[in-house]
Amino acid sequence: MASPTSPTSSAAGRQSRARTIVGPQRGNSVVPTAGRPAATPIAPIVSPASIVSPASTAVPAATPVPSTRRLPAASPASGGAPGEYVRAVVAVLLGRGEQAGPFHLLADRLALDGYLVTVVPDGGRRVPAVAENRVPGVPFVLLGSDTGALAALAMAASPAVRPDGVIMVGLPLLQVPVAGVAIEEPLPRALPDLPILLIHGAQDEVSPLPLIRMTTRTASRAELVVVPGGHDVLTGPGRRSVAARTLLFLESLREA
């Protein structure tokens, strides 16, 4: 009878499929350290801040969000090391009160299919920190949540960024505070003419679903996906659908 698989061997198996590499700082971006024999784990994941009611003025204590990259698993056909086979690059822009933890879980799932995901700290205000994550020859996508989605829309027209697609999770369309923070970015009047995926909670209390539907009516290249839950879809009941829909969108960009 085969012996049960130990927790150590299971952890080693997971590490072989998707690794987190934290290297020396280059501006506000982190790059893998050349020649390092093993991946260095990031700090423990911090739970995301909860959305508070519009009347609340309490702001949670700020926690620094490192710029981290989830390297994809190597292609079985290439036989290369993890990180050598990249199907597309996704730069994540965080929203109000959000931490990197839930995005790490999404990044790990995308890395299994060869997608390189980077959480960019203060990405909405630092175009160079976003643009430097490009990898020549593969699609470059912005994924913004809450006000990070507004920042992604603003960057879509920037010559320095030039994304091939935009993914917006919980796009806010009303001046409703989240985590005690109001919206500073301008609300969109129209969506840009490029592939766009909007993932929105059916019970979103910050940006009602009917407003999102109205926004997408004149955008022929925009796709709206409605998942169960409220504004924070990455921790809600529809979080598994977010990863699946994101993968389908990324694959469609490669096939276009």
*Check the pair L173 / M214 against side chain to side chain contact (heavy atoms under 4.5 Å, CB included), numbers first and verdict last.*
CA-CA 11 Å; L173 293 179; M214 291 178 60; over 6 Å; no

*Could you walk me through whether R221 and D193 pass the side chain to side chain contact (heavy atoms under 4.5 Å, CB included) check?*
CA-CA 7 Å; R221 304 177 71 184; D193 184 23; 2.9 Å; yes

*Working for side chain to side chain contact (heavy atoms under 4.5 Å, CB included), residues L174 and V206*: CA-CA 7 Å; L174 293 178; V206 175; over 6 Å; no

*Do L209 and D204 pass the side chain to side chain contact (heavy atoms under 4.5 Å, CB included) test, and can you show the C-alpha distance, the side-chain angles, and the key distance before you say yes or no?*
CA-CA 7 Å; L209 183 58; D204 194 317; over 6 Å; no

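When the side chains of ILVMFWY residues are joined at heavy-atom separations under 4.5 Å, either directly or via intervening members, L248 and V117 end up in two distinct hydrophobic clusters.
A donor-acceptor pair under 3.5 Å is formed between the side chain of R162 and the backbone N or O of P159. Under the 3.5 Å distance criterion, the side-chain polar atoms of N133 are matched with a main-chain donor or acceptor of V130. The backbone N or O of S207 sits less than 3.5 Å from a side-chain atom of H200, completing a donor-acceptor pair. A donor-acceptor pair is defined here as one N or O able to donate and one able to accept, closer than 3.5 Å; no such pair exists between the side chain of D164 and the backbone of V141. Of the possible donor and acceptor atoms, none in the side chain of S145 sits under 3.5 Å from a partner among the backbone N and O of G95. Distance alone, capped at 3.5 Å, is enough to place a donor-acceptor pair between the R96 side chain and the V181 backbone. Between the side chain of S158 and the main chain of A160, a donor-acceptor pair closer than 3.5 Å is present.
Looking only at side-chain heavy atoms (C-beta outward), P188 and L150 come within less than 4.5 Å of each other. Between V226 and R213 the shortest side-chain heavy-atom distance falls below 4.5 Å. Between T246 and V90 the shortest side-chain heavy-atom distance does not fall below 4.5 Å. The shortest side-chain heavy-atom distance between R87 and L250 does not fall under the 4.5 Å cut-off. Taking 4.5 Å as the limit, some side-chain heavy atom of M168 sits within range of a side-chain heavy atom of L191. Using a 4.5 Å heavy-atom threshold, the side chains of V166 and P192 count as separate.
Summarising the geometry, atom CG belonging to L106 is positioned 8.0 Å from atom CG belonging to L247; distances are rounded to the nearest 0.5 Å. Between the CG atom in L198 and the CZ atom in R245 there is a gap of 12.5 Å [rounded to 0.5 Å]. The OH atom of Y85 sits 13.5 Å away from atom CG of L116, with the distance rounded to the nearest 0.5 Å. Note that CZ of F103 is 7.0 Å distant from CG of L143, once rounded to the nearest 0.5 Å. Rounding to the nearest 0.5 angstrom, the gap separating the OG1 atom in T147 from the CG atom in L93 is 9.5 Å. With values rounded to the nearest 0.5 angstrom, L105 atom CG is found 9.0 Å from R239 atom CZ.
Contact between T215 and L211 at its shortest, heavy atoms only, is OG1-O, 2.9 Å. Listed here is the closest heavy atom pair of P195 and F249: O-CZ, 3.6 Å. Here the shortest heavy-atom pairing between R70 and A107 reads CG-CB, 3.2 Å. Counting all heavy atoms, side chain and backbone alike, V233 lies closest to G201 at CG1-N, 3.6 Å. Listed here is the closest heavy atom pair of A243 and R109: CB-CG, 3.9 Å. Shown here for M155 and P163, the closest heavy-atom pair between the two residues is O-CD, 4.1 Å.
The environment of CZ in R125 is sparse: at most 12 heavy-atom neighbours from other residues, nucleotides or ligands sit within 6.0 Å.
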